[in-house]
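In what follows, a single structure is set out as C-alpha cells and then discussed.
Counting from 1, the numbers follow the sequence of the chain as shown. When a ligand or atom number is given, it counts from 1 through the structure's own listing order.
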Amino acid sequence: MKRKKIDLIVGARPNFMKIAPILKEFEKRNYSDSSTRLVHTGQHYDANMSDIFFKDLSLPKPQVYLGVGSGTQATQTANVMIKYEKLLSKEPVDLVIVVGDVNSTLACALVAVKFQIPIAHIEAGLRSDDWSMPEEINRILTDRISTYLFTTSKEGSDNLLKEGISRKRIHFVGNVMIDSLIEYLPIAMKSSIIEKLHVKKNSFALLTLHRPSNVDDKSVLSGIMSAVNEVSSMLPVVFPAHPRTVSAIGELQRSGDFSASDNLHIIDPVGYIDSLCLQHSAKFVLTDSGGMQEETTVLGVPCLTIRANTERPVTVTKGTNIMVGSDPQKIISESVKLIKGYAKKGSIPEKWDGKSARKIVDIIRREMHG
Ligand code: UD1
C-alpha cells in the first residue's frame with residue numbers, strides 16, 4: 001500500500017494549540033502507512049507569538065518554514081499561496097489539515113484544492129455572520145472547499161448543513177483546543193507568572209485585545225482603553241498586548257489621548273502556559289479573542305467579550321461568556337457586576353472533553369485507508 005502523506009498547517013498564534021493534539025495523536029499511533037509533515041507559514045514570526053508555543057506545547061520544529069511574515073490581507077494570503085504551491089508541486093501530499101480561520105488557513109486550502117488534494121478543516125462551521133472580519137471570509141471559503149469538516153458544536157454542523165454541505169462530510173468531534181487545555185492545565189497551574197507580575201489569584205482582570213475593529217480605529221481604541229483604566233481603578237488589570245495593539249496604543253499615548261493607570265500592567269504577549277495560568281487565575285477576562293471565549297468557558301472563569309458578535313455562540317448560551325461590544329459604559333458596568341461577585345454560571349459544551357484529536361484521527365484514517 002502506498003504511504004499516505006499528510007500536511008498539518010500552522011501559521012498564526014491560535015493555530016499551534018489546535019494542531020498540537022492532532023500531530024501528537026498521529027505520532028503516538030506511529031502508523032507505518034502514513035506520515036505527517038508540519039508546515040509553518042511564518043504568518044506569526046516573533047519569538048513570543050510563535051517560538052514559545054512550540055516550546056510550551058512540545059511541538060517539533062516544523063519540517064517546512066515558508067517565512068511569509070506580515071503584509072496586507074492580499075499580500076499575506078498571496079505569499080502563503082505562492083510558497084505553498086511551490087512546495088506541493090515539488091513534494092505533493094495526500095491530505096492537508098488546516099485549523100481555524102487565519103489567512104494561512106484559507107491560503108493553504110486554496111492551493112490544496114487546486115491540486116485536488118483533499119482538505120480537512122478543523123473548527124469548521126463557525127459563523128459570526130460579520131463579513132467585515134477577514135476571519136469570517138476565511139472560514140466560509142475554507143469550509144466550502146474542504147472535504148472533511150470537523151465541527152466543535154452542533155450549531156457549527158447546522159450552519160454547514162444550511163449552506164448545503166453534505167451531511168456525510170460533517171463530523172461533530174468537539175474542540176481540539178480544549179484537548180490542549182486539559183493536557184496543559186496542570187503544568188500551567190505551576191507557572192510563576194502571577195508572582196512575577198505581583199498580582200494575586202482571583203484579584204485581577206486579564207485583558208487581551210487585537211481585532212482590527214477594536215485597535216485600528218483611534219476613537220474605538222481610546223474608548224476601550226479609558227474603560228479599562230476605570231476598571232483598573234477597582235481591580236488590577238493584566239494586559240499582555242499583541243504587537244499591533246502595542247503600536248496603536250503607542251500612537252494614542254504620543255497624541256495625549258491615553259495614559260495607562262498604575263494598576264494597568266501592559267506586558268509582552270505571553271506563551272501558552274502563562275496564558276492558561278493567567279486565565280485560570282483571573283477574576284474575569286476581558287477579550288476580543290476567539291479562543292479565549294472558549295478557554296474561559298471550560299475554566300469556568302467569567303468572560304466579557306469586546307465584540308458585537310461571536311462565531312462561538314455556545315460560549316454564551318452554555319458558557320461564561322457575555323458580549324459587551326466596544327461601548328465603554330457597557331464594559332465598565334459589566335465589569336463592576338463581576339467585581340461585586342455577580343458572575344454568570346456556565347457549563348461545559350458537549351464533547352469538549354479532551355478526546356477530539358483522537359476522534360479526528362480515527363475519522364481521517366477511516367476515510368483515507370477505508
Ligand atoms: C491573526 C489572525 C487572527 C488571530 C490573530 C492572533 C488573520 C486574518 N488574522 O491576526 O484571526 O486572532 O492572528 O494573534 O489571519 N506582528 C508582529 N509579529 C508577529 C506577528 C504579527 O509584529 O509575530 C504584527 C505585524 O505588524 C502585523 C500585525 O502584527 O502587521 C498583524 O499580524 P497579522 O498576522 O497580519 O494579523 P493578526 O492581527 O495577528
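- The protein non-hydrogen atom at the shortest distance from atom 6 (C) of ligand 1 is Pro14 CD, 3.5 Å.
- Given atom 18 (N) of ligand 1, the protein heavy atom at minimum distance is Asp46 OD2, 2.9 Å.
- Of all protein heavy atoms, the one lying nearest to atom 2 (C) of ligand 1 is Val102 CG1, 3.7 Å.
- A cation-pi arrangement is not found for Lys154 relative to Phe172, the charged atom failing to lie both closer than 6.0 Å to the ring centre and inside a 45° cone about the ring normal.
- Outside the 6.0 Å centre-distance limit, the rings of His44 and Phe16 are not counted as a close aromatic pair.
- Shortest contact from atom 31 (C) of ligand 1 to any protein heavy atom: Arg244 NH1, 3.6 Å.
- Taking only nitrogen or oxygen atoms, main chain and side chain alike, His242 reaches within less than 3.5 Å of ligand 1.
- With a heavy-atom cut-off of 4.0 Å, His44 touches ligand 1 through backbone and side chain alike.
- Exactly one of Lys4, Arg3, Lys2 qualifies for a salt bridge (Lys or Arg N to Asp or Glu O under 4.0 Å) with Asp94. That residue is Lys2.
- Scanning the protein for heavy atoms near atom 9 (N) of ligand 1, the closest one is Glu135 OE2, 3.4 Å.
- A cation-pi arrangement is found for Arg365 relative to Tyr31, the charged atom lying closer than 6.0 Å to the ring centre and inside a 45° cone about the ring normal.
- The shortest contact between atom 4 (C) of ligand 1 and any protein heavy atom is with His210 NE2, 3.7 Å.
- Judged as a side chain to side chain donor-acceptor pair (under 3.5 Å), and not counting sequence neighbours, Ser226 has no contacts.
- Looking from atom 27 (C) of ligand 1 to the surrounding protein, the closest heavy atom is Ser70 OG, 3.3 Å.
- Residue-ligand proximity, Pro243 to ligand 1, at heavy-atom distances under 4.0 Å covers atoms 16 (N), 17 (C), 18 (N), 22 (O), 24 (C).
- Under the salt bridge (Lys or Arg N to Asp or Glu O under 4.0 Å) criterion, Glu311 pairs with Arg139, Arg307, sequence neighbours left out.
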